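Contents: one structure, followed by commentary.
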Number of protein chains: 2
Amino acid sequence: MTSADLRVHNQARLLRAVHNADQPLTRASAARLLGIGRNTAGALVGDLEAAGLLHEVPAEASGRGRPTTLLVPHPEGPVAFAADIREDSWTLARVALGGELQVLETGEHDRTPALFADIKAAVGRHETEHLAALGIAISGPIRDGHRLHISHLGWDEVDLDDHIGDGWPPTVIDNDARLAGLAEVRRGALRGMGTVMHFHIDFDIGGTLLLGGDPQRGAHHIAGEFGHMPLTGSTLECMCGVKGCWSLDVGANALVRRFGKEPGYGTGRDLAQEVLRRSETGDAEATAAVDENAAALGKGLGALANALDPEAISLSGLGIELIRLRRDLIERTCAANLMAFRRTAPPRILPGTVGDDGPLRGAAEIAFDAILTEDRLRDRL
Amino acid sequence: MTSADLRVHNQARLLRAVHNADQPLTRASAARLLGIGRNTAGALVGDLEAAGLLHEVPAEASGRGRPTTLLVPHPEGPVAFAADIREDSWTLARVALGGELQVLETGEHDRTPALFADIKAAVGRHETEHLAALGIAISGPIRDGHRLHISHLGWDEVDLDDHIGDGWPPTVIDNDARLAGLAEVRRGALRGMGTVMHFHIDFDIGGTLLLGGDPQRGAHHIAGEFGHMPLTGSTLECMCGVKGCWSLDVGANALVRRFGKEPGYGTGRDLAQEVLRRSETGDAEATAAVDENAAALGKGLGALANALDPEAISLSGLGIELIRLRRDLIERTCAANLMAFRRTAPPRILPGTVGDDGPLRGAAEIAFDAILTEDRLRDRL
DNA sequence: TTGTTATGTTCTTAGCAAGAACAAAAAGTT
DNA sequence: AACTTTTTGTTCTTGCTAAGAACATAACAA
């Protein structure tokens with residue numbers, strides 16, 4: 001590591017601080033935050049302004065002292081696009097340094113990889129020369145960061161590289177559950193915590209272990225299929241090829257199956273919502289179904305907490321409703337499956353606060369993770 | 001980060017490279033390894049020699065070129081002690097920079113926390129002024145790094161801080177399974193791999209997830225109880241307070257129970273070894289018992305691989321024998337519990353190569369992790 | 001004996017952050 | 001209205017870092 005690397009390192013810390021901050025930082029507060037002198041902060045900001053990465057605007061005075069400046073995205077600075085691909089639609093958004101998100105366009109798709117061309121066209125309609133990276137969220141495992149196994153679209157192994165080519169911005173893609181967790185840990189309910197988990201409950205369960213604000217991806221980028229561990233003693237065969245998966249008992253598919261319908265991916269959300277509604281109005285069978293779902297959820301969370309010892313677990317999708325309706329049951333079954341000595345300090349179970357656009361926000365985060373690297377900075381400065 | 005931090009950072013990189021190397025590095029090869037110039041390497045090594053952290057001895061010439069020096073531990077340099085506490089005995093060893101380990105003493109203990117006084121006395125008998133840290137391995141969860149829950153000793157919540165005091169070297173303690181995994185990833189079968197798991201199979205299963213060469217400890221330092229997830233469908237009650245734990249079907253306790261004896265911690269290893277022997281000579285019941293054990297092991301590994309996507313999984317303890325006797329069965333049951341799309345690239349299942357003193361070697365590693373920090377270096381230089 | 005090769009050493013140089021001293025811009029205080 | 005206090009920005013100097021060039025050294029090879 002050389003002196004020049006030192007400068008780049010501190011530039012990156014500063015940019016990262018600006019990006020991660022809840023509200024715009026002032027130059028003086030950034031200096032305090034990083035533990036550097038005002039002179040050094042001035043030099044760093046000056047370089048970054050010259051490199052077109054940061055812009056200073058006068059901050060309104062607050063109390064005594066010479067007024068300082070706010071650090072805001074440079075008008076000529078890099079911009080990320082984020083796309084969220086769902087069963088039959090997609091959303092494209094634009095994200096600036098700091099995380100401000102602006103939806104650009106939404107569209108339908110035909111469930112084939114041709115949708116990437118649609119997204120490319122949409123990117124083209126909004127493209128600026130400052131577009132630096134595109135982050136994509138999609139539901140399903142993505143081996144090695146480009147081989148897509150998207151069961152609800154019937155994609156067995158679609159290679160992203162075959163569908164993006166010249167004219168594409170630098171693109172990163174990841175699983176929606178993992179990205180929803182990333183959004184929670186960077187900007188939501190899990191903010192600031194070191195060891196946490198997030199689960200997105202939709203048709204089944206997808207999840208991620210987040211350490212120090214980063215989602216773990218495993219050796220082949222396909223970690224996180226916690227829903228395909230046999231945690232609840234089911235004897236059914238799962239669509240994934242294994243017997244007894246946790247996902248068979250939790251999520252919309254489990255509710256659908258409980259009512260004698262054929263589970264799958266793509267239909268059943270409405271029925272699941274209806275079951276939740278009916279359980280609230282006292283329908284006995286719906287109540288039992290929701291109870292079973294929540295209990296299976298809690299049981300799995302307890303088992304996973306034994307293994308991974310998270311400080312907190314956040315849920316999104318159906319999980320938010322389940323916490324609202326059955327927090328007590330989830331916590332009780334979780335505790336019952338925690339090793340006895342852990343029960344004095346169980347993991348906190350939290351509804352996600354980022355909302356329905358967690359995957360989109362997570363996609364924005366991985367796009368900026370690709371932009372705010374020391375290597376890229378070295379080239380740009 | 002300042003210029004002085006830069007120097008400390010590079011010193012730390014150099015020391016870490018020396019410590020991690022398989023064989024002593026030469027000064028020239030260290031410079032190449034770190035990507036620094038020979039002049040810079042000379043300056044760094046000079047400082048470290050002056051600080052009493054590194055020593056240079058002439059390296060025997062190999063081929064053309066001016067002979068260089070070997071980087072070896074400084075005779076006045078810091079030394080770590082490592083202790084491994086088992087059911088009724090302990091081992092104390094001395095470790096030098098580079099990982100060379102020398103057993104100093106072994107002893108029996110009375111299964112009470114008084115054993116820490118015994119260890120302290122043994123440390124005293126061998127103490128040098130250069131002793132910088134003591135690492136301890138013990139079997140059982142250790143909440144927050146000091147509250148011991150050691151079921152096989154009947155310790156429910158023994159606070160290490162109540163039993164070490166003045167005169168103790170800086171002490172770090174961790175779970176033996178985690179430390180065995182650490183030894184494998186730093187110096188054994190898992191060396192150099194990014195996402196791996198290790199399981200130590202003894203009476204039951206302890207394990208650890210290792211990322212980038214570091215074992216994950218969770219929010220309360222009690223991650224890794226993979227054996228207490230319900231992965232195999234058992235309906236029995238586990239001593240941990242939960243029903244259906246994986247550990248009920250894998251390890252010496254499971255073999256003991258299979259033969260109608262009372263499982264526990266402390267007795268049963270002999271019986272387990274006998275069952276393994278008998279299975280090798282064709283005893284039908286022993287064969288069935290070993291089959292069940294291996295199949296349950298493979299099933300759990302498959303489930304965990306779905307969730308965490310390790311590149312490889314190493315085993316120690318009984319696991320080594322199980323791989324030797326039933327590799328095929330373990331791999332088949334693992335594959336059957338892998339999601340179908342993963343089966344083309346299953347995790348490699350490897351016998352640990354560090355051997356029986358994995359916990360001791362891991363304890364040495366955490367002791368040196370405590371020594372080779374930038375903060376400590378800053379103070380010493 | 002004379003290259004050839006790899007490494008060590010010395011000296012210069014460009015760059016970095018820290019610190020001190022001072023300037024500037026606001027809000028209180030008298 | 002003048003002065004003080006507080007906070008921040010700016011300038012300049014200083015000590016430190018690693019890199020690079022040039023040269024020295026110690027082995028081997030022809």
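Here is the naming used below: chain letters follow the sequence lines, and residue numbers restart at 1 for every chain. Values in this document were obtained by computation on a predicted structure and should not be read as measured data.
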Those residues of residues 21-43 of chain A lying under 4.0 Å from DNA chain D by at least one heavy atom = A:R27, A:A28, A:R32, A:R38, A:N39
Separation between CG (A:N175) and OG1 (A:T208), nearest 0.5 Å, reads 8.0 Å
What integer distance in Å separates B:R378:CZ from C:dA17:P?
-> 15 Å
If we ignore angles and hydrogens, is there a donor and acceptor under 3.5 Å between the side chains of B:H198 and B:S314?
-> yes
In residues 3-15 of chain A, what residues come within less than 4.0 Å of DNA chain D, judged by heavy atoms?
-> A:S3
Check against side-chain contact (heavy atoms from CB on, under 4.5 Å), B:R217 and B:R178 | CA-CA 9 Å; B:R217 299 188 162 91; B:R178 187 180 288 156; 3.6 Å; yes
Atom of B:H221, atom of B:I173 and distance for their closest heavy-atom approach | CE1-O, 3.9 Å
With sequence neighbours left out, what residues match A:F368 under ring pair (Phe, Tyr, Trp, His ring centres under 6.0 Å)?
-> A:H19
Under the side-chain contact (heavy atoms from CB on, under 4.5 Å) rule, what do A:R27 and A:E56 come out as? Steps first, then yes or no, please.
-> CA-CA 8 Å; A:R27 201 168 93 181; A:E56 290 186 278; 3.1 Å; yes
Position toward the 5' end of DNA chain D (nearest nucleotide), A:M1 or A:G65 | A:G65
Helix axis bend for the helix from C:dT1-D:dA30 to C:dT30-D:dA1 - C1'-based end axes, five pairs, 10° rounding | 10°
Winner on side-chain proximity to B:R66, out of C:dA25, C:dA6, C:dA27, is C:dA6
Could I get the full list of side-chain contact (heavy atoms from CB on, under 4.5 Å) partners for B:E374, not counting sequence neighbours?
-> B:V8, B:H9, B:A12, B:R378
Gap separating the CG atom of B:L54 from the CG atom of B:L97, nearest 0.5 angstrom | 6.5 Å
Donor-acceptor under 3.5 Å (B:E184 side chain, B:A189 main chain) = yes
Using whole Å, report how far CG of B:D47 lies from P of C:dT9.
-> 14 Å
Verify side-chain contact (heavy atoms from CB on, under 4.5 Å) between B:M193 and B:R348, making sure each step is shown before the conclusion.
-> CA-CA 11 Å; B:M193 298 187 220; B:R348 286 195 283 156; 3.5 Å; yes
Not counting sequence neighbours, which residues clear salt bridge (charged side-chain N to carboxylate O under 4.0 Å, His left out) with A:D369? List them please.
-> A:R16, A:R186
Please report, rounded to the nearest Å, how far the P atom of D:dT8 is from the CG atom of A:L70.
-> 13 Å
Which nucleotide, C:dT5, D:dG9, D:dA19, lies nearest any side-chain atom of B:R64?
-> C:dT5
Under 4.0 angstrom between B:T68 side-chain N/O and C:dG8 OP1 or OP2 = yes
